[in-house]
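Note that the structure is predicted; figures quoted are calculated from it, not measured.
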Amino acid sequence: MDARLKLEEGWTTLFLLWAMILVAALALNQADLIDGLQIIPLTGSLAVLTGLLLAKSRFQSRTAHLFSFVYGLFVVSWLVASILPAEETWRVRVIEIFTRQADWFEKAFNGGTSRDGLIFVIQTSFIYWLLGYTGAWFTFRQSRVWLAVVPTGIVLLSVVYYYNGPKLLGLYLAAYTLLALIYVARTHLADQEKKWRSGRVRFDTGIHFDFMRSALLAALLALMLAWVMPSLSASAAVGDALGGTRGPWRQFQDNWTRLFSSLRSYGSGVSDPYQDTLVLGGPRNVGNTPIMDVYVGGRLPYAYWEAIAYDTYENGRWTAQFVEDPVLHFPDDGDLNIPLSAGREVITQTVVNYLPNSSFLYAAPQMVSTDRQIVIEGASDPTGRLLVSSVRSRYVLRQGDQYNVESRFSLADAEGLRSAPTDYPDWIQQYYLTVPDTITPETIQLASDITGQFNNPFDKAIAVRDYLRENVTYNDQIPAPPEAVDPVHYTLFISREGYCNYYASAMAMMLRSQGIPSRVVSGYAQGEYDDKTHSYRIRASNAHTWVEVYFQRYGWIQFEPTASIPVYNRPETANEGGGDNFASPVFGGPDRSDLLPEENFEDFDPGALDSGELTPPINEQTSLLDRLPSWQVIGAIVLVLIAGLTLFGANEINKRVEKDVERSYGRLGNWGRWLGLSLQPTHTPYERADMITAVVPESGPPVRNLTQQFVRKQFSPAHDMDDTFDPRTEWRVLRPLLLRQSVINWWEKWRHPQRKKDRFDRWR
């Protein structure tokens with residue numbers, strides 16, 4: 001009974017392997033990406049047990065792998081079917097599993113979006129079955145421990161790295177690392193014990209405890225050193241590799257989110273410069289760090305990149321009131337269901353993000369579609385159309401990520417805006433006309449004085465805008481207003497200076513006090529435009545807050561009250577340029593036919609400009625690597641991998657041949673033919689050895705040693721060779737000698753072709 005329960009590699013090895021798989025499975029289960037992941041730990045455990053039994057069986061490798069596939073198919077189908085509704089029969093559940101998997105493949109190849117969460121459970125179960133089985137196989141059959149450690153470690157690392165939720169999954173990675181280091185040490189000890197037993201070397205069985213204790217201490221020390229080293233996300237190289245800064249990997253990430261769109265996402269860990277509140281505080285220091293590049297079809301007459309719109313002001317604080325639950329929107333859902341507005345033209349933008357972890361999707365105002373899965377925050381009007389306050393990516397955007405977005409760019413002219421009706425709907429009056437009690441009578445009276453001579457909201461908005469630009473000095477290093485004074489009143493009547501937050505707040509409150517619906521919007525303005533690439537480089541210094549005024553039929557229209565930002569003045573009519581009567585034009589009026597030359601955008605390939613750097617200079621010449629098509633780079637990488645795998649496989653085969661004395665002797669005959677010798681079956685082993693050493697004298701000792709051991713194994717009564725003899729030791733000396741002489745022989749043949757012809761004639 002004891003003999004049957006004995007495991008040559010040790011039961012500790014099996015326990016460590018099972019614990020590694022279990023830790024990786026529990027980490028995925030704790031990530032809580034989708035319901036049903038509770039079957040993963042059981043799947044991995046059964047896979048380890050199956051791998052052990054098949055590795056210790058007498059089946060050939062192919063037969064064992066086939067059995068493992070059949071067992072895995074049965075186990076995964078059974079476990080997945082167990083989490084489906086119990087009222088269905090088992091037959092119906094299994095059919096449903098394969099049907100839903102077939103639908104997923106159809107979407108994968110046709111570019112669709114899968115929202116079936118069960119697919120992730122099915123495929124992840126198969127992955128963990130494969131990890132458990134191969135881990136046991138490479139432990140108990142082929143003794144390649146790193147092939148048991150590395151794949152599972154990569155899966156666990158990917159889960160931990162891309163997880164942004166509240167769970168501390170890093171602890172699972174630490175536990176796995178500790179177990180893996182001890183596992184490697186234990187398997188090494190098991191291999192050494194095999195060698196000691198075969199060499200009849202005596203050793204104390206108590207070495208197990210001492211060895212494992214030392215391995216544990218070494219593993220703990222390695223973890224402590226790793227703990228004090230810079231984190232993984234702090235490495236630019238790792239961030240570049242795992243964060244998706246290069247085309248193929250970014251495409252893989254996009255396909256992943258498309259095919260597994262049902263997975264839960266978490267918003268923690270983002271580094272957004274804007275929040276759900278905007279406080280009128282003290283000085284600001286934004287720096288000059290690149291935020292993003294925005295590629296468009298041509299220069300825009302005005303440039304705003306919207307992040308979040310605020311609707312409620314109170315006590316010097318703006319908030320975005322999300323009165324309804326966020327709406328999840330997929331690219332397959334089509335355009336956003338937002339209120340229609342006239343005088344607009346759709347423009348396409350490709351945005352390359354440079355923030356480490358961002359949730360906002362920045363775009364020109366009135367976004368209508370994007371190729372990202374997004375979460376829309378805001379409310380709805382009575383007809384069910386979305387009143388968008390902000391648009392966030394469902395999955396955190398990392399450095400180098402890019403997305404495409406379409407916006408309805410306003411081309412409304414001054415004449416049309418002046419004639420817009422003022423019978424605002426209830427939802428506009430509810431959210432965008434409220435004025436808190438903290439707005440002083442002096443502020444309201446000033447607004448009335450400025451706008452009193454005009455009879456329409458457009459001219460009134462222009463008047464307030466120009467008053468602020470002319471009478472408030474721009475200063476972003478002001479102290480915070482006193483607590484007892486409303487910041488808007490303080491800006492208008494006391495300090496008479498401020499930055500964009502103060503300008504926008506003052507204009508919005510003054511307009512609301514006159515019955516004109518308005519809101520403040522934060523994001524970025526302007527940017528450095530590059531004519532060559534048709535792109536805007538947006539930096540942190542472009543962070544900005546502006547005002548939007550609502551006009552019936554035309555929607556939200558941007559106004560610029562901040563003195564440091566150029567003014568865009570709309571043309572009087574759609575067919576002529578010019579400005580309005582209240583400020584000097586800066587950009588001039590746009591011509592509809594020249595505004596956005598879309599043919600320029602068709603020739604633009606954002607991926608070709610992706611150099612892999614965090615902030616690639618726009619005007620810098622691209623390198624040869626950047627100009628290479630991505631398929632060529634991928635092909636070169638694939639060829640290198642194939643070559644490496646081929647060399648690795650050839651080396652493994654070579655080791656197996658050379659460690660066997662009979663196969664080594666056969667290889668000597670092959671080398672004889674390479675050396676130009678005519679070895680015959682009638683030659684004795686020693687005659688063959690003499691013929692080889694006559695051509696390569698330096699090979700005498702190893703050739704004779706191999707020949708002698710071959711003769712002993714073939715013809716001695718015991719049919720064995722010297723226990724201390726290792727054929728590979730002889731080949732380390734012999735191989736370079738034979739290779740050198742073979743190259744010399746071939747070179748002589750090419751130098752003297754007549755000799756080669758004579759030899760060919762003799763063979764013929």
Side-chain angles (χ1 to χ4, degrees), residues 301-302 304 309 311 313 341-344 365-366 409-425 428-429 431-435 439 441-472 488 491-492 500 502-521 525 545-563 565-590 592:
Y302 59 94
Y304 291 104
D311 52 61
Y313 175 82
S341 52
R344 294 181 181 266
Q366 200 170 105
F409 193 85
S410 176
L411 298 175
D413 56 83
E415 181 180 332
L417 295 175
R418 287 193 182 99
S419 61
T422 57
D423 52 337
Y424 303 115
I428 285 290
Q429 299 183 41
Y431 296 118
Y432 303 107
L433 281 175
T434 56
V435 178
I439 298 300
E442 292 85 354
T443 300
I444 299 175
Q445 184 61 48
L446 177 61
S448 178
D449 293 341
I450 295 173
T451 62
Q453 57 180 314
F454 305 105
N455 62 359
N456 64 84
F458 178 75
D459 288 340
K460 291 182 179 182
I462 294 294
V464 173
R465 179 199 73 181
D466 292 345
Y467 175 86
L468 294 173
R469 294 177 65 88
E470 296 170 2
N471 294 275
V472 177
V488 172
T491 301
L492 292 173
C500 58
Y502 289 88
Y503 282 97
S505 299
M507 180 175 178
M509 285 297 100
M510 293 172 73
L511 292 180
R512 286 191 181 188
S513 71
Q514 302 305 305
I516 302 174
S518 57
R519 66 184 185 182
V520 300
V521 181
T545 299
W546 60 93
V547 174
E548 290 185 346
V549 179
Y550 183 80
F551 293 88
Q552 287 277 62
R553 294 184 61 247
Y554 294 96
W556 293 103
I557 302 298
Q558 294 73 39
F559 288 84
E560 188 49 73
T562 303
I565 303 296
V567 170
Y568 164 69
N569 294 292
R570 296 180 178 274
E572 286 298 316
T573 63
N575 298 321
E576 65 180 70
D580 50 71
N581 300 324
F582 308 99
S584 300
V586 175
F587 293 105
R592 286 175 183 265

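Every residue two or more places apart in sequence or in another chain that forms a side-chain contact (heavy atoms from CB on, under 4.5 Å) with P421 is listed here: D423, Q552. Evaluation of the side-chain hydrogen bond (donor to acceptor under 3.5 Å, both in side chains) rule for Y467 yields no partner, not counting sequence neighbours. Taking Y550 as the reference, W427, W556 meet the ring-ring contact (aromatic ring centres under 6.0 Å, His included) condition, with sequence neighbours excluded. By the side-chain hydrogen bond (donor to acceptor under 3.5 Å, both in side chains) test, T562 pairs with E560, sequence neighbours left out.
Of all heavy-atom pairs spanning I428 and P517, the tightest one is CG2-CB, 3.5 Å. Closest heavy-atom contact between Q558 and P365: NE2-CB, 3.3 Å. Scanning both residues, A309 and V521, for their nearest heavy atoms gives CB-CG2, 4.0 Å. Between K460 and F454, the shortest heavy-atom distance links the atoms CE-O, 3.0 Å. Taking all atoms of both residues into account, the shortest heavy-atom contact from Y554 to A412 is CD2-CB, 3.6 Å. Annotation for A563 and V472: closest pair CB-O, 4.3 Å, computed over non-hydrogen atoms.
Legend: salt bridge (Lys or Arg N to Asp or Glu O under 4.0 Å) pairs involving residues 547-558, not counting sequence neighbours, sorted by first then second residue: R519-E548.
With R418 contributing its side chain and N455 its backbone, the two residues share no donor-acceptor pair below 3.5 Å.
Here Y302 and F409 bring their ring centres to under 6.0 angstrom of each other.
Side-chain contact between T451 and D459 is absent, with no heavy-atom pair separated by less than 4.5 Å. Considering only heavy atoms from C-beta on, F551 stays 4.5 Å or farther from S410 through its side chain. Proximity of F559 to I462: side-chain heavy atoms (C-beta onward) are separated by under 4.5 Å at one or more points. For the pair Y313 and I439, the minimum side-chain heavy-atom distance is below 4.5 Å.
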Review item, side-chain donor-acceptor pairs of residues 507-514, under 3.5 Å, at least two apart:
unit_1 : atom_1 : unit_2 : atom_2 : d
R512   : NE     : Y432   : O      : 3.2
R512   : NE     : S518   : O      : 3.0
R512   : NH1    : D311   : O      : 3.0
R512   : NH1    : T434   : O      : 3.1
R512   : NH1    : T434   : OG1    : 3.4
R512   : NH2    : D311   : O      : 2.7
R512   : NH2    : S518   : O      : 2.8
S513   : OG     : M510   : O      : 2.6
Q514   : NE2    : I444   : O      : 3.4

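S505 contributes atom OG, which lies 10.5 Å from atom CG of L468 (distance to the nearest 0.5 angstrom).
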